[in-house]
**Q** 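Below is a structure I'd like to ask you about.
Keep in mind that what you see is a predicted model, and the values were worked out from it rather than measured.
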Amino acid sequence: QVQLVESGGGLVQAGGSLRLSCAASGRTFSNYGMGWFRQAPGKEREFVAAIGWSGSSTYYADSVKGRFTISRDNAKNTVYLQMNSPRPEDAAVYYCGADACGRGRVIAYLYDYWGQGTQVTVSS
């Protein structure tokens with residue numbers, strides 16, 4: 001089992017910045033690929049960013065490429081999502097997931113564990 005706890009969400013002004021964190025406990029964090037997904041009201045959960053187990057491979061949705069950065073610190077069992085220049089359409093509940101495959105993939109149902117989510121609200 002892997003337990004994931006997201007934090008760092010809140011209200012941010014469009015064009016500002018916000019950093020989300022996801023702390024993991026349980027099995028060896030460094031074995032897992034990690035991903036960030038988001039879900040807005042009435043919409044399906046969508047891929048935002050993912051990172052492989054070593055941190056050397058990262059993947060981004062086109063909508064956030066160049067604005068958001070995913071990173072991980074395996075010594076701290078934590079994955080981050082730095083959100084720069086957020087837009088109102090980025091508002092959603094953000095979830096982190098752990099992928100036992102180790103790669104960090106773009107499809108939500110391939111993930112094995114999820115956190116409870118953290119709300120991000122973007123004011124225009």
Side-chain angles (χ1 to χ4, degrees):
Q1 288 285 339
V2 174
Q3 292 78 42
L4 302 172
V5 179
E6 301 95 337
S7 62
L11 175 64
V12 61
Q13 196 167 13
S17 64
L18 194 67
R19 189 176 80 159
L20 306 183
S21 300
C22 173
S25 60
R27 293 190 175 183
T28 306
F29 174 74
S30 59
N31 289 343
Y32 288 81
M34 299 296 295
W36 285 98
F37 289 74
R38 66 189 181 189
Q39 189 166 15
K43 295 188 177 182
E44 293 187 355
R45 190 169 296 193
E46 67 171 356
F47 170 72
V48 176
I51 189 167
W53 66 273
S54 69
S56 61
S57 299
T58 57
Y59 312 91
Y60 295 94
D62 288 343
S63 59
V64 306
K65 202 172 293 183
R67 300 187 297 120
F68 292 7
T69 302
I70 189 170
S71 61
R72 65 189 296 161
D73 185 337
N74 285 344
K76 295 183 178 180
N77 289 354
T78 302
V79 63
Y80 304 97
L81 184 69
Q82 178 67 42
M83 304 172 61
N84 294 333
S85 301
R87 304 165 180 166
E89 56 264 35
D90 293 320
V93 177
Y94 281 71
Y95 298 90
C96 72
D99 177 8
C101 170
R103 300 210 309 258
R105 293 176 284 184
V106 305
I107 302 175
Y109 74 76
L110 295 175
Y111 282 70
D112 300 277
Y113 302 100
W114 292 96
Q116 83 290 347
T118 186
Q119 177 73 52
V120 172
T121 303
V122 183
S123 64
S124 57

**Q** Going by the angle between their ring planes, with limits at 30° and 60°, are Y113 and Y32 parallel, tilted or perpendicular?
**A**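 The rings of Y113 and Y32 stand perpendicular, inter-plane angle above 60°.
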**Q** Just wondering, do Q39 and Y95 contact through their side chains at under 4.5 Å, heavy atoms?
**A**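 When only atoms from C-beta onward are counted, Q39 and Y95 do touch, with a gap below 4.5 Å.
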**Q** Nearest 0.5 Å, what's the CD1-SG distance between I51 and C96?
**A**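 If we round to the nearest 0.5 Å, I51:CD1 and C96:SG are 12.5 Å apart.
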**Q** How long is the gap from OG on S85 to CZ on R67, to the nearest 0.5 Å?
**A**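 Between S85 OG and R67 CZ, I get 7.0 Å after rounding to 0.5 Å.
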**Q** Whether the side chain of E6 engages the backbone of L20 through a donor-acceptor N/O pair (distance < 3.5 Å, no angle test) should be reported.
**A**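 Here the side-chain-to-backbone pair does not exist.
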**Q** At what distance, to the nearest 0.5 angstrom, does CD of Q116 lie from OG1 of T118?
**A**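 Rounded to the nearest 0.5 Å, the CD-OG1 separation comes to 7.0 Å.
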**Q** So how far is it from W53 CH2 to N74 CG, rounded to the nearest 0.5 Å?
**A**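 W53 atom CH2 to N74 atom CG measures 8.5 Å (nearest 0.5 Å).
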**Q** Could you pull out the closest heavy-atom pair between G97 and W114, with the gap in Å?
**A**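 Closest heavy-atom pair between G97 and W114: CA-CE3, 3.8 Å.
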**Q** Between L18 and V93, is there a shared hydrophobic cluster once you connect ILVMFWY residues whose side-chain heavy atoms come closer than 4.5 Å?
**A**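 No, separate clusters.
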**Q** Could you tell me which residues satisfy side-chain contact (heavy atoms from CB on, under 4.5 Å) with A14, sequence neighbours excluded, listed by chain and number?
**A**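 Once residues adjacent in sequence are excluded, the partners of A14 under the side-chain contact (heavy atoms from CB on, under 4.5 Å) criterion are P88, V122.
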**Q** Using the side-chain hydrogen bond (donor to acceptor under 3.5 Å, both in side chains) criterion, which residues pair with S7? Sequence neighbours excluded.
**A**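 So S7 forms no side-chain hydrogen bond (donor to acceptor under 3.5 Å, both in side chains) with any residue.
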**Q** How about CD on E89, more than 12 heavy atoms from neighbouring residues, nucleotides or ligands closer than 6.0 Å, or not?
**A**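 Enclosed: over 12 neighbouring heavy atoms sit under 6.0 Å from CD of E89.
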**Q** Do W36 and M83 have side chains that get closer than 4.5 Å, going by heavy atoms?
**A**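 No, side chains not in contact.
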**Q** With clusters defined by side-chain heavy atoms of hydrophobic residues (ILVMFWY) lying less than 4.5 Å apart, directly or transitively, does M34 cluster with F47?
**A**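 Unlinked, F47 and M34 end up in two clusters.
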**Q** Can you list the residues that meet the side-chain hydrogen bond (donor to acceptor under 3.5 Å, both in side chains) rule with D112, with sequence neighbours excluded?
**A**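 side-chain hydrogen bond (donor to acceptor under 3.5 Å, both in side chains) check on D112 returns nothing, list empty.
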**Q** Give a yes or no on whether the ring-centroid distance for F37 and Y111 is below 6.0 angstrom.
**A**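 Yes, they do, as the ring centres are separated by less than 6.0 Å.
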**Q** I'd like to know if the side chain of S56 reaches the main chain of S54, judged simply by a donor and an acceptor atom lying under 3.5 Å from each other, with no hydrogens or angles considered.
**A**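 Not confirmed, S56 side chain does not pair with S54 backbone.
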**Q** Report the residues that fulfil side-chain hydrogen bond (donor to acceptor under 3.5 Å, both in side chains) with N31, sequence neighbours left out, ordered by chain and then residue number.
**A**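 For N31, no residue satisfies side-chain hydrogen bond (donor to acceptor under 3.5 Å, both in side chains) once neighbours in sequence are set aside.
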**Q** Between D73 and F29, what is the shortest heavy-atom contact and its length?
**A**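 Between these two residues, the closest heavy atoms are O-CE2, 4.1 Å.
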**Q** Let me confirm one number: the OH-CZ distance from Y59 to R105, rounded to the nearest 0.5 Å.
**A**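 That separation rounds to 10.5 Å.
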**Q** Determine the minimum heavy-atom distance between V64 and V48, stating which atoms define it.
**A**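 Answer, listing the atom of V64 first, then V48: CG2-O, 3.5 Å.
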**Q** So which heavy atom on G9 is nearest to which on V120, and how close?
**A**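 Looking at all heavy atoms of both residues, the closest pair is CA-CG2, 4.2 Å.
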**Q** Residues in side-chain hydrogen bond (donor to acceptor under 3.5 Å, both in side chains) with S25, at least two apart?
**A**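 With sequence neighbours excluded, S25 shows a side-chain hydrogen bond (donor to acceptor under 3.5 Å, both in side chains) to Q3, given in chain and number order.
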**Q** Would you confirm whether R103, through its side chain, and A50, through its main-chain N or O, come within 3.5 Å as a donor-acceptor pair?
**A**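 Between the backbone of A50 and the side chain of R103 there is no qualifying donor-acceptor contact (under 3.5 Å).
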**Q** Output the distance between atom OG (S30) and atom CG (N77), rounded to the nearest 0.5 Å.
**A**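 Rounded to the nearest 0.5 Å, the OG-CG separation comes to 8.0 Å.
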**Q** Could you report the tightest heavy-atom contact between A24 and V2, atom names first, then the distance?
**A**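 Taking every non-hydrogen atom into account, CB-CG1, 4.3 Å.
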**Q** Identify, with sequence neighbours excluded, every residue that meets ring pair (Phe, Tyr, Trp, His ring centres under 6.0 Å) alongside Y80.
**A**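 Per chain and number, Y80 pairs via ring pair (Phe, Tyr, Trp, His ring centres under 6.0 Å) with no residue.
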**Q** Are R38 and S63 close enough, and set up right, to give a side chain to side chain contact (heavy atoms under 4.5 Å, CB included), and what steps lead you there?
**A** CA-CA 12 Å; R38 66 189 181 189; S63 59; 3.6 Å; yes
**Q** Could you walk me through whether D62 and K65 pass the salt bridge (charged side-chain N to carboxylate O under 4.0 Å, His left out) check?
**A** CA-CA 5 Å; D62 288 343; K65 202 172 293 183; 3.2 Å; yes
**Q** For N84 and S17, work out which heavy atoms get closest and say how close.
**A**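 Closest heavy-atom pair between N84 and S17: OD1-CB, 3.4 Å.
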